[in-house]
Amino acid sequence: MAQKLVIIGNGMAPGRALETLVARAPGQFDITIFNAEPRVNYDRIMLSPVLSGEKSFEDIVIHDDAWYRRHGITLLKGCPVTAIDRAAKTVTGADGTIAPYDKLIVATGSSPIIIPIPGHTLAGVVAYRDLDDVDAMLKAAAIGRHAVVIGGGLLGLEAAAGLKLRGMQVTVLHLMPTLMERQLDPAAGHLLEQAMQKRGIDVICRANTHAILGDTHVTGVRLDDGREILADIVVMAVGIRPNAGLAKASGIEVNRGILVDDRMHTSDPDILALGECAEHGGTCYGLVAPLYEMAKVAAATLIGDASAAYRGSVTATKLKVTGIDLFSAGDFADRKGREEIVLRDPARGVYKRLVIEGERLVGAVLYGDTGDGAWFFDLIKGDKPIGSLRDMLIFGPAFQGGAVLPPTAAVAALSDDTEICGCNGVCKGDILAAIADKGLTTLAGVRAHTKASASCGTCTGKVEALLAHALGGAYEKRTVEPVCLCTDLGHDDVRRAIREGKLKSTHAVMQALSWKSSCGCAKCRPAINYYLLCQWPDEYRDDSRSRFVNERLHANIQKDGTYSVVPRLWGGVTSPKELRAIADVADKFNIPTVKVTGGQRIDLLGVRKEDLPGVWADLNAAGMVSGHAYAKGLRTVKTCVGSEWCRFGTQDSTGLGIKLERYLWGSWSPAKVKLAVSGCPRNCAEATCKDIGVVCVESGFEIHYAGAAGLHIQGTIVLAKVATEDECVEVIAALLQLYREDGRYLERIYKWMARVGHEGVVAKVVDDVEGRKALVQRFEFSQVFAQVDPWAERVAGLDAHEFAPLAVIPFSEAAE
Amino acid sequence: MTTHDVDWIDVGRIVDIPLRGSRVVASPIGDIAVFRAADDAVFALRDRCPHKGGPLSQGIVHEHSVTCPLHNWVISLASGEATGADRGCTPKIPVRLDGDRVMIALPETMAEAAE
Ligand code: SRM
Ligand SMILES: Cc1cc2nc3c(=O)[nH]c(=O)nc-3n(C[C@H](O)[C@H](O)[C@H](O)COP(=O)(O)OP(=O)(O)OC[C@H]3O[C@@H](n4cnc5c(N)ncnc54)[C@H](O)[C@@H]3O)c2cc1C
Ligand code: SF4
Ligand code: FES
């Protein structure tokens, strides 16, 4: 019979232990979890992005209800345990539930410390620990204007940044002379303070809070020196205390936290403790990495695997305020015999500090440029003499010349329990075991079987090095072309990270993937902008500063700095009314050239920038919209006359072309997309050299794709033959969406097809009918937000600054 | 000929220039591109690429550089020099911030030449 396992607390630590248990010993335990919070397990460390609005609660859920159901685990939400009866081996919940156990895990986490100054019980005083606190802050932000955060550590600063992004005026009160004084020296603390001030957050150091003011609700805060600061909400982020009371009351040995041994046993052999409530080797931890290690050991202990032991952890942390890069790892307390190496580059706002004890690196703080954080962290954990590295150490791995090992040798030197993938807590040993047991030979295989490198992807290089190390010559390294010089990651890596990591802004992408430049370059920014737009069509707001000029101004720049304007002529068909309007516009704005284009449109060339809105307004008035002649998106659909007039025409090619153009216009894609529809195989619309082409035949429609006739000439290949127009439109929309989701930025359809293979495309958009419908659905969803005429928006005033000078300096003022 | 040192001309507020963007100031010596980098640093250059005269104000601004919209030369905002393998330089225009006001100065020689 299954043993009864009861868990008190459903935070991040037991969540991880459960994952190991269900994977290693399915069915061995009958599991019941009591959770004081009325919800499932979520990623507590991501509360700050929820507060700032960069993520939603759904984005940070780790295990949803279905997960518990699938694994037969009983989760009692909103039901705190009030007592443990060790003699009877039962726990009692607040609602009276009594649950018997064979084994018990206490994982009650910690509680935020509330300083008992006058006023601390007023409504509007909140801590920062769980979703309820975030909700309370959001509520305050919705009605109030002023927030005070007490405590200038990691949590306090994240809360302050979040509240500021929600539009509040925020003041941080910090007791010490500089921020984060435990990690940073005063100069670096100042850099951080300036960065916060620059975001409009007031920081007051040496601020001793005397009282919180207000009758029933907070109205302000008074400092010892008499200063008063307005506040509609006060967030206390001054520290945490392990939740050990329940365990203590039941007679388990407790110091600051619940005492545990290397196998996570408490003083009662049937009771384990893990997470922030536990104390191991004199330390209570407050970061997830050590708790994850504890979780693995606890699971192993329960299963009866005596080999696992927890030996304490070195910790590293990052400040999660978008745009401020701060990383610290190890121990940087001032102690005898310790030395420091410090690098400052005030112009770049960079500060690095290394703490060395004996011959070993024991601590590192990086501010402004955190790219080498992982490398320093490895050195700290490696605990080996740094020897000759020392002189150049602070410049990071790039400057180590022959002293650093090539990647394969470097991973070979790591111990088996070194964590390779931080997101999913996968160690070197796990990966090597999977490679050996499952016969894996590819990165994709390792991702599928271990999850390593499957989330943010920053550890991809290490995983590849491990594959090379394990397989020797048998491993053919996937060659990734980096997006640009700002990163080592390839396009697919970035996209996966956006999707899996739910990254929703350029800043978030660059932060999460450790971009090497502060704000990207002209290569990566447009690519990231497109990937975000494609992945989050409803949520992401286009970043015009990451668009090339043509797409930013919705007109093509010419060699003399004027622009060309191409209105849409659906399917290449126009009317006297439209032609008259085009002629009038050309006259009115003195447009020098009017030309028929290769794509069956009319191009007005040589328009002055300041005239663009006027030209568009007149074209709009005649019913014309942007032809997107500038877009990495749908360009033109060329048609021939087809069955309506032509003696050979088999179908209404003109009508189908217009239908397609009206359905597909506005969509952004990796590169431009051109279509054509010909009414018979004589192919007068040249459909067989387009990105997507349709050749009509008696029995229906031949859908072609992957043609090109520019830098490279290539005929199309046939994707499918269908009988009806509706099917034809559906297959084309699915094809376009697959390309949008899968094509790399600037990769045209023919290149994409050559990379992914024709068979794969056919399988997804032709054979898999369900999959096709899903693609179409995603396409149509994104069209809801994309089919807005950019010209009309600008005529109505959007981006007006683009079209007018900032100032005009007359002659007299310049040279009086 | 004028005798004063520098005449600073107020051309508007910094917030009217998009972050990582640029606005044009039309002047007797030709268009001037005023840039605002991600860190709020402000620069001003003649709005002409040293390559073939492309309007730098229309390029993508990244760190303290701009990529020309015509053929992707990367120009340093601080010096006006082309970077990387390309060679050429766009004249710098003196610029400073006075509170939130952007002030530029037209070099006298240029202003005279324009007269
Ligand atoms: C206007 C037009 C020439 C004309 O006067 O006929 C034209 C003009 C330009 N083409 Fe084109 N192409 C035009 C038809 C074509 C065609 C023929 C066609 O579409 O049927 C092709 C070959 C078909 C193809 O795309 O495969 C063509 C292949 C290119 C290429 C090469 C693309 C490739 O991947 O090989 C470029 C370069 C690029 O996109 O990077 C290009 C780029 C350009 C640009 C956008 C160059 C630029 O970046 O400034 C020109 C913009 C001028 C302007 O301001 O309007 N144009 N260009 C044609 C507009 C078509 C339309 O109605 O929308
Ligand atoms: C805003 C914020 C940002 C953070 N950022 C980072 C970061 O960037 N990096 C990092 O490493 N760490 C970060 N942390 C810390 C990290 O979240 C914690 O270390 C981790 O969540 C602790 O896990 P745990 O399982 O021990 O406890 P918790 O996740 O706190 O879970 C304990 C759970 O037990 C429940 N509980 C308590 N008592 C009882 C009871 N009697 N009966 C039933 N249930 C009970 C609680 O309601 C809670 O849900 C952050 C924390 C916060 C609040
Ligand atoms: S072929 Fe196209 S890109 Fe070349 S000059 Fe003509 S319009 Fe310009
Ligand atoms: S004109 Fe600027 S790069 Fe050619």
Side-chain angles (χ1 to χ4, degrees), chain A residues 194-195 198-199 323 347-349 368 484-486 506-507 510 515-527 529 543-553 555-563 609-610 630 799-816, chain B residues 1-2 4 7 9-14 16-29 31-34 36-40 47-49 52-72 74 102 104-108 110-115:
Chain A
Q194 277 167 6
K198 223 165 146 183
R199 265 148 216 270
R348 279 168 62 223
C484 62
L485 293 176
C486 306
T506 305
H507 275 314
M510 293 182 176
W515 233 240
K516 295 184 212 163
S517 58
S518 73
C519 67
C521 70
K523 275 200 179 129
C524 57
R525 284 235 307 271
N529 187 52
D543 174 20
S544 68
R545 310 313 317 178
S546 294
R547 291 266 186 200
F548 292 116
V549 57
N550 289 356
E551 292 188 330
R552 200 174 73 241
L553 291 188
N556 297 54
I557 196 166
Q558 304 298 314
K559 60 188 241 180
D560 61 354
T562 63
Y563 292 81
K609 191 178 177 191
E610 53 273 29
Y630 45 80
D799 290 340
H801 63 83
E802 294 281 7
F803 305 99
L806 178 64
V808 177
I809 304 175
F811 268 91
S812 59
E813 194 170 338
E816 38 170 353
Chain B
M1 168 127 187
T2 42
H4 49 250
D7 261 336
I9 304 168
D10 183 335
V11 293
R13 295 179 311 164
I14 180 167
D16 293 329
I17 308 172
L19 211 54
R20 296 176 297 155
S22 166
R23 294 285 301 275
V24 168
V25 171
S27 89
I29 61 165
D31 282 355
I32 292 166
V34 185
R36 176 178 174 206
D39 58 359
D40 267 343
D47 195 16
R48 287 180 55 81
C49 177
K52 292 194 172 172
L56 296 175
S57 57
Q58 304 308 306
I60 291 184
V61 176
H62 43 97
E63 312 216 295
H64 288 176
S65 307
V66 60
T67 295
C68 175
L70 291 196
H71 317 99
N72 296 328
V74 177
V102 179
I104 67 169
L106 296 184
E108 281 187 27
M110 289 195 207
E112 273 169 41
E115 239 172 345

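Residue numbers start from 1 in every chain, and the chains themselves are labelled A, B, ... in the order their sequence lines are given, proteins ahead of strands.
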Between the side chains of B:D39 and A:K198, is the shortest nitrogen-to-carboxylate-oxygen separation below 4.0 Å, so that they form an ion pair?
no
Considering non-hydrogen atoms only, spot the tightest contact between A:P810 and B:P28 and give its length.
O-CG, 3.8 Å
Take atom NZ in A:K609; do more than 12 heavy atoms of anything else shown fall under 6.0 Å from it?
yes
Side-chain contact test, heavy atoms from C-beta onward, threshold under 4.5 Å: evaluate it for A:I809 versus B:I29 and give yes or no.
no
Given side chains that start at C-beta, do those of A:Y563 and B:Q58 come closer than 4.5 Å, heavy atoms only?
yes
Looking at side-chain heavy atoms only, is the closest gap between B:I60 and A:P526 below 4.5 Å?
yes
Please classify the contact between B:L19 and chain A as side chain, backbone, both or neither, with a heavy-atom cut-off of under 4.5 Å.
backbone
Is the number of heavy atoms from other residues, nucleotides or ligands within 6.0 Å of NZ (B:K52) greater than 12?
no
In terms of heavy-atom proximity below 4.5 Å to chain A, should B:S27 be classed as side chain, backbone, both, or neither?
both
Which region of A:D560, side chain (C-beta onward) or backbone (N, CA, C, O), has a non-hydrogen atom less than 4.5 Å from a non-hydrogen atom of chain B, or is it both or neither?
neither
Once you round to the nearest 0.5 Å, how far does SG of A:C521 lie from NE2 of B:H62?
6.0 Å
Per-residue contact mode, A:R547 against chain B (heavy atom under 4.5 angstrom):
backbone
When heavy-atom pairs shorter than 4.5 Å are enumerated against chain A, which of B:G54, B:G53, B:A37, B:G21 gives the highest number?
B:G21
Say you draw a straight line from SG of A:C519 to NE2 of B:H64; how long is it, rounded to the nearest 0.5 Å?
8.0 Å
Separation of A:E802 CD from B:S57 OG (nearest 0.5 Å):
9.0 Å
Side chain / backbone / both / neither for A:S544 at chain B, heavy atoms under 4.5 Å:
neither
Donor-acceptor contact present, side-chain A:R545 to main-chain B:R20, <3.5 Å
yes
Test item: B:S22 and A:L806 side chains (from C-beta on) under 4.5 Å apart, heavy atoms
no
In terms of heavy-atom proximity below 4.5 Å to chain A, should B:V61 be classed as side chain, backbone, both, or neither?
backbone
Is any side-chain heavy atom of B:R23 closer than 4.5 Å to one of A:P805?
no
